[in-house]
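In the text below, chain A, chain B and the rest are named by the order of the sequence lines, each starting its count at 1. Keep in mind that what you see is a predicted model, and the values were worked out from it rather than measured. The basis for the numbers below is simple: all heavy atoms, side chains too, and nothing from hydrogens, waters or symmetry mates.
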Amino acid sequence: MSHFPEEILEQIFSYITHRRDRNALSLVSKTWYDLDRRTRHSVSIGNCYALSPARSIERFPNVRSLTLKGKPQLVDIVNWVPRNWGGSVDPWVVALARDCPDLRELRLKRMLVSEPSLLLISTSFPDLRSLGLIGCHGFSADGLSAITAKCRFLEHLDLQKSVVGNDSGQWLSSFPENFTSLVSLNFGSLKGAVNVDDLMSLVARCPNLKNLRLNKAVPLPTLPQILLRAPQLVELGIDPRAQHIDPESHNRLYEAIRKCKSIQSLSLSGVLPISLCCQVHLSAIFPKLISLDIISFIEVRILGFINLLKHCHKLQRLRIVDLIGDEGLLVVSSTCKDLRDLRIVPTYSNPPVNRYVTEEGIVAISKGCPLLESFQVFCHQITNAALITVSKNCPGITCFRLCLHQRQDPDHVTLQPLDEGFGAIVQSCEGLQRLSLSGLLTDQAFLYIGMYAENLETLSTTSAGDSDRAMLYVLNGCRNLRKLEIHSCCFGDNALLANLERYETLRFLWMQLCEVTLGGCKFLAKKMPLLNVEIIHGRDRDQGDYPDDTMKIRTLYVYRTLNGPRADAPNFVWTL
Amino acid sequence: MEADLGLLTASGGGGGASSGGSASGSISMLSKEDNRGLTSEESSSYADESGLELGLGLSLRGGGGRGGGRCKSAVWGPYARILTAKDLPSMGLKSSSDHKSPSSLSSSSSSSSSSMTKANFSSGTKRAADSGVSQVVGWPPIRAYRMNSLVNQSKSPPRDELHSTFERSKTKNEVIDLTNSGCNKNCNNVERKGQPKTSLFVKVNMDGFPIGRKVDLSAHACYETLAKTLEDMFCKATTTIGARGSGMEEHDVMAEAIGSSKLLDGSSEFVLTYEDKDGDWMLVGDVPWGMFLNSAKRLRIMRTSEAKGLGPRFQQRD
């Protein structure tokens with residue numbers, strides 16, 4: 001093997017794209033390490049503070065596609081991380097602009113992107129094809145205008161979940177007249193209103209446009225016209241917010257969607273009345289869909305809508321509100337045999353609606369959809385028996401997130417903790433990578449997780465466990481654990497400090513509102529210099545009034561890094 | 001009455017005509033200094049609210065105004081502010097950003113009687129929460145005083161929004177202590193930089209209760225007192241509303257002795273969150289108090305299970 005000429009190795013390596021495999025390759029020998037270094041084009045850095053930009057570019061000088069993540073990912077409904085926490089991309093952009101002019105793809109998740117950075121991106125990478133700003137903030141629509149005006153070959157522009165300042169839609173109007181390369185455009189979360197004529201002309205002149213997600217400011221009556229100009233669309237997301245529910249315009253909308261013959265993925269948000277005439281069109285659209293998101297309040301005729309679900313034979317990915325209840329899930333289970341990804345999202349309405357999901361619906365899904373890989377459910381009650389059934393029926397689950405309505409509910413039939421149910425899940429679903437716990441749980445559940453969840457990478461738990469041992473079971477047991485998120489559990493310093501070396505193998509540990517004290521965190525920081533131990537406690541660093549070591553910390557964020565304490569930590573983040 | 005209000009705000013704000021429009025003009029200037037980036041709809045609702053707020057001093061009618069307590073109107077300020085806010089069904093102020101702008105006035109707060117007034121405000125808040133529906137009794141108008149206080153407020157030029165929160169928190173010089181020994185002694189240590197203190201009302205909603213409340217953020221100097229006030233507010237209300245199993249939780253919360261608030265330390269079923277300027281829901285208690293005051297638009301006591309739920313989720317009233 002050592003006599004293989006490099007050209008051949010290079011050829012072989014070009015077929016190996018997954019970064020885990022590439023990481024393994026690079027450990028074989030110095031030659032292989034060097035070769036992998038030079039030929040790695042796609043780099044993903046899960047924590048932008050883990051190493052400096054210079055170092056990563058030195059390691060991978062030929063990077064063409066870079067993914068960077070900033071803030072830890074604990075955003076659910078509530079942002080558990082304060083807004084100005086950091087995650088600035090500025091040093092990265094400066095380094096990339098200097099050393100990697102061939103960059104084609106840049107994806108930034110949950111980062112702070114300043115205006116100058118965006119301007120620098122627009123001028124430094126002439127070959128930029130794909131820009132993703134997912135969950136980012138710190139920039140304005142003027143910076144976006146620079147991007148749209150100057151990146152001549154831009155194909156993918158993804159702005160989902162980002163916050164854009166001064167947004168009056170001018171960025172969309174900045175696409176030049178001769179710009180025709182757009183393939184995917186997602187601005188569903190933006191608040192500003194784009195110029196509808198410019199949008200229509202953009203859609204009309206980009207023949208390759210496959211994925212379009214519009215925000216709620218695009219007026220409902222104009223949607224059909226936009227869609228008629230893009231009959232080749234494969235993925236569509238709209239958020240129709242009409243002041244007055246006008247059945248005629250909804251009808252025309254669904255008619256227009258129906259005309260998009262290749263549509264495979266549909267995402268509908270907002271208030272969505274499904275009148276009878278719309279149902280005719282939807283029943284023609286649904287059989288073609290592979291992915292369906294209905295995160296909206298279906299106002300009337302919920303049963304009519306559930307009947308429509310009977311048409312979704314090809315569905316693989318479904319996101320839906322729990323308004324459909326157990327009956328809806330029964331229909332899904334009998335229709336969508338190919339379902340891989342199911343996510344049931346809570347409906348919040350005032351007055352509360354009395355339809356929700358219980359364990360019966362969940363069991364029905366598991367029986368009907370054995371290919372399920374990702375199961376994320378918000379439900380009102382659950383039993384151990386139901387969880388055991390799910391684990392037996394769907395052993396291929398890789399992501400299981402359960403969220404109960406009442407945080408510490410036990411099995412509602414036997415009133416036992418849910419230890420056995422989750423234990424069955426981790427034992428039976430060997431490929432489980434992501435797990436979110438909920439309900440009444442004792443240390444036993446964590447013992448099962450530590451024993452059986454070998455492939456678990458992300459564990460998230462709230463108000464579970466009785467003692468420090470629970471955390472230790474997990475830290476000592478799950479070999480592949482990378483991200484651990486703990487919220488308001490009773491784990492204290494003993495749990496935190498028992499297995500210090502483990503933290504160097506984790507990407508991060510997040511503990512919020514637990515029993516760890518300042519003294520414990522200081523000890524951790526002292527013993528493990530390769531970790532950043534950051535604390536958020538509601539007060540500024542500069543204030544002279546330092547608390548004593550027995551004070552319980554609100555938020556602890558520990559992550560491994562080669563870069564030392566970060567320079568851009570705001571005042572309320574203390575790095576010990 | 002409208003003309004009166006207009007006049008007052010115009011003279012106080014130093015410009016403009018005599019209608020409500022001027023109120024918005026002057027107040028939006030003040031709010032720009034605070035750099036909240038109000039949109040036009042927000043500033044107009046604020047104008048209504050602030051116009052009425054200022055009119056409180058003038059009018060002797062109960063329904064005339066909203067909480068406008070400048071700190072020096074301390075004695076009756078709290079009563080006026082809180083009680084009349086509850087007595088205003090006709091105001092119909094649905095916008096949750098109503099009380100954002102008063103923070104521009106509250107951020108420039110007074111020096112001298114701060115601790116006294118804070119005590120007054122806290123007690124005022126509590127009493128209002130208890131009494132709820134008592135009528136406003138007339139009190140002497142303090143128009144001249146208010147004009148002076150408005151004129152004295154400095155108007156700094158607008159700053160870049162992105163850096164505003166940091167700069168403001170740095171210039172505040174507040175000492176915040178969140179230890180269990182209680183916030184009371186440290187509340188009195190809060191220094192303000194020579195500017196009159198005003199109210200900062202935000203709506204508070206609790207999951208499971210159809211009726212929302214309002215609380216004055218500027219009446220508190222730390223998270224502890226705020227959380228305790230909220231607990232009192234909603235605990236006493238729970239006896240009448242049998243929520244879905246949450247009655248027990250509130251009872252436990254109510255029975256909690258003085259100490260760290262359950263809402264803040266994550267041990268209750270509920271978690272306290274706030275909506276910030278960008279419309280995102282954030283956890284209360286992480287950032288320093290000053291920053292929190294500047295960015296909180298409204299509060300919500302959310303069930304932890306829903307907070308840690310599987311967002312995105314749809315809210316019908318969005």
Visitor: Can you tell me if A:D293 has over 12 outside heavy atoms packed within less than 6.0 Å of its CG?
Guide: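 Yes, the 6.0 Å shell around CG holds more than 12 heavy atoms from other groups.
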Visitor: Tell me, for A:K191 versus chain B, whether the close heavy atoms (under 4.5 Å) come from the side chain, the backbone, both or neither.
Guide: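 The side chain, not the backbone.
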Visitor: Using side-chain contact (heavy atoms from CB on, under 4.5 Å), reason through B:V271 and A:W80 one step at a time and then give a plain yes or no.
Guide: CA-CA 11 Å; B:V271 69; A:W80 301 97; 4.2 Å; yes
Visitor: Between B:L283 and A:R554, does a side-chain contact (heavy atoms from CB on, under 4.5 Å) hold up when you go through it step by step?
Guide: CA-CA 11 Å; B:L283 183 67; A:R554 272 183 67 87; 3.5 Å; yes
Visitor: Rounded to the nearest 0.5 Å, how far apart are CG of A:N571 and CE of B:M291?
Guide: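 Reported value, rounded in 0.5 Å steps: 9.0 Å.
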Visitor: When you look at B:D286 and A:Q512, which way does the side-chain contact (heavy atoms from CB on, under 4.5 Å) test go after all the steps?
Guide: CA-CA 10 Å; B:D286 285 331; A:Q512 188 159 39; 3.9 Å; yes
Visitor: Report which part of A:S438 has an atom under 4.5 Å of a heavy atom belonging to chain B: side chain, backbone, both, or neither.
Guide: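 Neither part; nothing is under 4.5 Å.
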